[in-house]
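First up is the structure itself, then whatever we jot down about it.
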Amino acid sequence: MTNDQPQPYNSAKIKGNNMTTKIRTRFAPSPTGYLHIGGARTALFNWLFSRHNGGEFVLRIEDTDQQRSTDESTKAILDAMAWMGLNWDEGPHFQAQRVDLHRDMVQKLINEGKAYVCTCTPEELENKRKEALATGKKPKYDGTCREKNLKKSPGSVVRFRGAQTGITLVKDLIKGNISFNNDELDDLIIERGDGYPTYNFAVVVDDAMMNITHVIRGDDHVNNTPRQILMYQALGFDVPEFAHVPMILGSDKARLSKRHGATSVMAYKEMGYLPEALVNYLVRLGWSHGDQEIFSQKELIDYFTLDNVGKSPAVFNPEKLLWLNAHYIKEANPARLMEEMKPLWSAGTDATDAVFTKKVIADLQPRVKTLLEMADMANFYFTDSIQYEEQAAQKFLVPEVAAHLKAMASAIPTVRNFSKEGLEEFLKTFIEERGIKFKIIAQPLRVALTGKTVSPGIDEIMVTLGKDRVVQRINAAIAAIENRNK
RNA sequence: GGUCCCAUCGUCUAGUGGUUAGGACGCUGGCCUCUCACGCCGGAAACCGGGGUUCAAGUCCCCGUGGGACUACCA
């Protein structure tokens, strides 16, 4: 028989006679750091795909690297997923707790002659690799131990006996068919010297045993896929569907990393981003639904399919994320934002008066892009004594306006309807009676109330601050004018 | 080096042989206006190159070029 034909494999996909197979996806991060943007999008796609199809989403922590895995990382990843609303139906499973299973599978392969023990040392391998590279050859395991039929010994590893001829076809739901010549594939190590399975083996065993039907993961795994398919077959498992999503790049088109700015999901929470903004931004990186930009969670679940995931890598654009964040802040309910703001207020801000705080938030919602920005902009509301910006005071807190301010300070207590409408009416009559344009007192008033030249609308501020504070601040401004001109 | 993937405005993308190549972020002109935002109206801005196939190519094929990933006893 010729070996040129793609080897067919059984697919776990729903087949005509097996309509009951439930779609199961998984997210399988390794706990070697926080959840980063790229991982978050992979998790999101898996979550959306399972939700869209009424399937199940499994979380598995791949902690077989004993050196680098930490419990803190696991917790950080779980927290970040919870924040984004990516709830899982099963798990978290911990891969390291499944090593007995992995070892049994390794032994099964050895018994069947599909894997073998190798005693080459890392140093020897490294030297061979260097030599091969130097002479322009493939840095691939040379098969020294392949036919030796060695027994396990301290430090020995187990290698998978790969096919050396033929073609393996990866049927990727996003990229289409990709074929690999089996002779390009290594006899890779499936059990390390320390007795732990390696990623490429454990992932196959676990995905198969957990009945994962669709493996949706980063593009960086495509080259691993043919060997994994070979292992599914060697183990007698059905091969799942694969979907490899393109990478997320930084502004210089290199793989996104710390030097491009924040890459940790939770860093965005701390910077005052709303989870729905991040989710909405991330989903549009690689996926689209016509011209729509804003999606509710329900719409995402309704619309998400792998068909609409693009093939090309995407550059992470913080500006657009910021725009989405501003959008969601604008749309959010002030009561909800009050909760989100709790850890973000500036030191010294007493946000215990819920009614007042909610008004502050409502004033600021349309003009901030992050919650941190809101905290900063809100400072003047909460202070007892306004600090005037030097330039602002110099320009607007001048003797010419003192009389107007005094008149206003004495008129305000008589305002009966201290609402936006009532104040508009009051201000209108006030300037008419004094024969001035609103412009004449607008900026001085703003500086008196906020200390700054930029702020929400004057009527909004006054309503939020309330009569007493307004009068007190105007009087303070009058005093400041008089003091500075003594 | 080898293997594999990718290629529409600066960026995210729509587009599935016939479109004035659409939308969004950003940039920008204007309107609104008590400042700043918001909002609204307008503008500049793209099919990587070369060959095919076809009456017709951003769309299909090939070759370049450019980017990326993998090439570990990491995942």
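Below, each value reflects all heavy atoms present in this structure, side chains not excepted, and no hydrogens, waters or symmetry copies. Chain letters run A, B, ... following the sequence lines, proteins first, then strands; residues in each count from 1.
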Sort me out a list of protein N/O and nucleotides 9-11 of chain B N/O pairs below 3.5 Å, or just none if empty.
residue	atom	partner	partner atom	Å
U11(B)	OP1	K253(A)	NZ	3.1

Considering only heavy side-chain atoms of S312(A), the closest of C38(B), A69(B), C6(B) is C6(B)
Taken to the nearest whole Å, CG/L173(A) to P/C5(B) is 16 Å
L285(A) CG to A14(B) C1', in whole Å, measures 16 Å
_Check the phosphate of A14(B) against S288(A), side-chain N and O only, distance under 4.0 Å to OP1 or OP2. Yes or no?_
yes
Between OH of Y199(A) and C1' of C70(B) the distance, given in whole Å, is 12 Å
### Query
Salt bridge between R259(A) and D252(A), side-chain N to carboxylate O under 4.0 Å?
yes
note: L322(A), atom CG; C27(B), atom C1'; distance rounded to Å ~ 15 Å
In short, ring-ring contact (aromatic ring centres under 6.0 Å, His included) pairs touching residues 309-334 of chain A with sequence neighbours left out are Y281(A)-F316(A)
**OP:** Would you confirm whether R336(A), through its side chain, and A332(A), through its main-chain N or O, come within 3.5 Å as a donor-acceptor pair?
**Re:** no
Q: Could you tell me whether K452(A) contacts a base, only the sugar-phosphate backbone, or nothing, with contacts defined as non-hydrogen atoms closer than 4.0 Å?
A: nothing
Between H244(A) and the options R217(A), H221(A), K311(A), the side-chain hydrogen bond (donor to acceptor under 3.5 Å, both in side chains) test singles out R217(A)
N223(A) CG to A75(B) P, in whole Å, measures 17 Å
Closest to the side chain of I189(A), out of C74(B), A24(B), C73(B), is C73(B)
Against the side chain of V454(A), the closest entry in A24(B), C36(B), C34(B) is C36(B)
Taking for T453(A) and for E293(A) the nucleotide of RNA chain B with the nearest heavy atom, the one nearer the 5' end belongs to E293(A)
Rounding to 0.5 Å, atoms CZ (R227(A)) and CG (L188(A)) come to a distance of 5.0 Å
Review point. Hey, does H244(A) reach any base, or is it just sugar-phosphate, or nothing, if we go heavy atoms under 4.0 Å?
Key: nothing
Any N or O donor-acceptor pair linking the side chain of R367(A) to the base of C38(B) at under 3.5 Å?
no
Discussion item. Salt bridge or not between K420(A) and D459(A)? Use side-chain N to carboxylate O under 4.0 Å.
Written reply: yes
Subject >> Presence of donor-acceptor pair under 3.5 Å, side chain of E184(A) and base of G2(B) >> reply: no
Discussion item. Under 4.0 Å from OP1 or OP2 of A72(B): is there any side-chain N or O of R129(A) that close?
Written reply: yes
Atom NE2 of H221(A) and atom P of C74(B) are separated, to the nearest Å, by 15 Å
According to a strict under-4.0 Å criterion, is R227(A) in side-chain N/O contact with OP1 or OP2 of C4(B)? no
**Study point:** Phosphate-side-chain proximity, R255(A) and C70(B), N/O vs OP1/OP2 below 4.0 Å
**Key:** yes
query = Can you check whether L321(A)'s main-chain N or O pairs, donor with acceptor, with N325(A)'s side chain at less than 3.5 Å?
reply = no
Applied to residues 124-133 of chain A, the salt bridge (charged side-chain N to carboxylate O under 4.0 Å, His left out) test, sequence neighbours excluded, yields E126(A)-R129(A), K128(A)-D142(A)
Rounded to whole Å, the CD-C1' distance (E126(A) to A72(B)) equals 8 Å
Open item on the list: What I want to check is whether an N or O donor and acceptor connect the side chain of D459(A) with the base of C34(B) at under 3.5 Å.
Closed with: yes
